[in-house]
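These notes are about the structure you will find just below.
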Protein chains: 2
Amino acid sequence: MSDEKTEYTISDLAKEFEITSRSIRHYEDEKLITPLRRGVHRIYNTRDRVRLQLILRGKRLGFSLAEIKEIIDLYGVEGEQKQTERLLELIRLRRDSLKQQLKDIKYLLNEFDVLEEKLTANHQPNNLTS
Amino acid sequence: MSDEKTEYTISDLAKEFEITSRSIRHYEDEKLITPLRRGVHRIYNTRDRVRLQLILRGKRLGFSLAEIKEIIDLYGVEGEQKQTERLLELIRLRRDSLKQQLKDIKYLLNEFDVLEEKLTANHQPNNLTS
DNA sequence: CTCAAAGTTTACGTTTGCGTAAAGGTAAGC
DNA sequence: GCTTACCTTTACGCAAACGTAAACTTTGAG
């Protein structure tokens with residue numbers, strides 16, 4: 001019924017997310033994903049795919065693989081008091097830095113707009129003055 | 001008349017931006033800042049301070065020092081056609097990635113809010129049920 | 001059966017961004 | 001002139017996140 005693929009090879013995912021297979025294997029070495037095996041080959045399912053998305057999002061935001069692992073691991077648990085505390089702590093810590101990043105980005109995007117306008121303005125003025 | 005300091009030592013800036021002097025010297029090694037010298041000691045002025053801010057903002061956004069240098073260098077020039085083109089290209093490239101980051105951050109901050117609420121909700125339910 | 005394409009493990013190499021001594025020069029107060 | 005706090009250069013060290021090469025194995029097509 002569904003159009004969605006439910007199984008992927010390593011190069012399927014590599015292509016889709018525009019990363020190398022080496023990277024994906026590396027995330028596995030670091031225990032961030034653990035795909036099933038069919039014989040010796042890795043088989044990724046939808047859950048694995050989502051995890052990979054999470055990893056890449058985390059990376060784009062400047063988290064280290066270790067931090068991403070910690071968050072992913074804690075995220076799945078929910079129940080244990082200590083781990084909940086820890087997750088909340090990580091969230092609060094990160095929230096400030098993320099809010100700072102947000103400011104930075106807005107600032108920079110605006111700078112870019114201004115600058116681009118300035119640059120493109122005197123970029124083609126020749127058909128008026130020549 | 002003005003209250004603004006116009007001269008800083010390396011540790012002034014280190015303290016202000018909460019980084020190490022080593023980092024600042026490293027940025028100099030990589031040609032990102034070039035403070036004056038009084039004898040052998042580095043003297044930073046307001047321009048240098050602004051540059052340092054730029055560097056740190058760039059870093060928070062995931063730029064490499066090399067990229068930051070390229071941008072800063074191009075930023076100052078304006079005039080040369082090729083460099084203007086290059087800067088515009090860099091801007092466009094980065095804009096997309098920054099917009100993606102912006103999405104990521106908003107997504108994650110929202111996730112955090114939801115999660116935190118969920119976690120703090122059943123964090124102290126004992127005084128009702130016990 | 002054979003060959004190519006893709007997958008696998010192992011392991012050393014590389015880049016980035018500083019940390020961290022080591023070993024000493026300098027400026028200011030007393 | 002001595003101490004103390006801060007500055008300097010030089011240089012080796014290191015963790016993170018893969019790149020890359022070597023040397024197979026597996027699978028699918030023909």
Side-chain angles (χ1 to χ4, degrees), chain A residues 5 7-45 48-49 51-73 90 94 97 101 104, chain B residues 5 7-45 48-49 51-73 90 94 97 101 104:
Chain A
K5 258 174 96 175
E7 268 190 15
Y8 311 86
T9 69
I10 195 166
S11 46
D12 285 343
L13 293 184
K15 268 175 208 157
E16 178 173 358
F17 293 110
E18 299 184 279
I19 57 180
T20 64
S21 299
R22 175 65 177 91
S23 296
I24 301 182
R25 289 196 197 97
H26 180 62
Y27 302 148
E28 185 176 348
D29 287 345
E30 302 293 323
K31 320 275 184 190
L32 288 161
I33 337 177
T34 45
L36 292 176
R37 299 283 179 135
R38 179 142 48 238
V40 72
H41 290 129
R42 293 168 174 82
I43 303 295
Y44 299 84
N45 60 26
D48 295 323
R49 220 191 72 129
R51 283 206 157 211
L52 192 50
Q53 282 184 331
L54 279 175
I55 294 170
L56 296 179
R57 177 153 40 224
K59 288 207 57 189
R60 284 194 299 263
L61 297 178
F63 289 78
S64 73
L65 292 186
E67 290 172 312
I68 295 172
K69 174 175 163 49
E70 189 174 5
I71 292 180
I72 288 182
D73 287 354
L90 282 175
R94 273 301 161 174
S97 130
Q101 273 190 56
D104 289 336
Chain B
K5 257 174 96 175
E7 267 190 17
Y8 311 86
T9 70
I10 194 165
S11 47
D12 284 343
L13 293 184
K15 268 176 208 155
E16 177 174 358
F17 294 110
E18 298 184 281
I19 57 182
T20 64
S21 298
R22 175 65 177 92
S23 297
I24 301 181
R25 290 196 197 97
H26 180 63
Y27 303 149
E28 185 176 347
D29 287 345
E30 304 292 325
K31 321 275 184 188
L32 289 161
I33 337 178
T34 46
L36 293 175
R37 300 283 179 136
R38 179 142 46 241
V40 73
H41 291 132
R42 294 167 173 83
I43 302 295
Y44 299 84
N45 60 25
D48 296 323
R49 220 191 71 130
R51 283 206 157 208
L52 192 49
Q53 282 183 331
L54 277 176
I55 294 170
L56 296 179
R57 177 153 41 224
K59 287 206 55 187
R60 286 195 298 265
L61 296 179
F63 291 77
S64 72
L65 293 185
E67 291 172 314
I68 295 172
K69 174 174 164 46
E70 189 174 4
I71 291 180
I72 288 182
D73 287 353
L90 282 176
R94 273 300 160 176
S97 128
Q101 271 192 57
D104 289 337

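Numbers restart at 1 for each chain; the letters A, B, ... are given by sequence-line order, proteins then strands. Every value quoted in this text rests on a predicted model; they were computed, and no experiment measured them.
Residue A/T9 places none of its side-chain N or O atoms closer than 4.0 Å to OP1 or OP2 of C/dA6. Dashed line: the shortest gap from a side-chain N or O of B/T20 to OP1 or OP2 of C/dG19 is under 4.0 Å. Side-chain nitrogen and oxygen atoms of B/R42 include none within less than 4.0 Å of the OP1 or OP2 phosphate oxygen of D/dC7. Phosphate contact (OP1/OP2 of C/dG17, side-chain N/O of B/Y27, threshold under 4.0 Å): absent.
Following rounding to the nearest Å, A/L13 (CG) and C/dG7 (P) show an atom-to-atom distance of 11 Å. C/dG7 atom C1' lies 11 Å from atom CD1 of A/I43, rounded to whole Å. Note: CZ (A/R25) to C1' (D/dC18) measures 12 Å, nearest angstrom. Rounded to an integer number of Å, the gap from A/E70 CD to D/dA16 P is 14 Å. Residue A/D29 contributes atom CG, which lies 12 Å from atom C1' of C/dT8 at whole-angstrom precision.
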Close N/O contacts between protein and nucleotides 20-28 of chain C (under 3.5 Å):
{"from": "C/dT20", "atom 1": "O4", "to": "B/R22", "atom 2": "NE", "distance (Å)": "2.9"}

Counting only pairs under 3.5 Å, give me each side-chain donor-acceptor contact of residues 29-37 of chain B, with atom names and distances, residues two or more places apart or in other chains.
{"from": "B/R37", "atom 1": "NH1", "to": "B/V40", "atom 2": "O", "distance (Å)": "2.9"}
{"from": "B/R37", "atom 1": "NH2", "to": "B/E28", "atom 2": "OE2", "distance (Å)": "3.1"}

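Applying a 4.0 Å cut-off to non-hydrogen atoms, the residues of residues 53-66 of chain B that approach DNA chain C are B/K59, B/S64, B/L65, listed by residue number.
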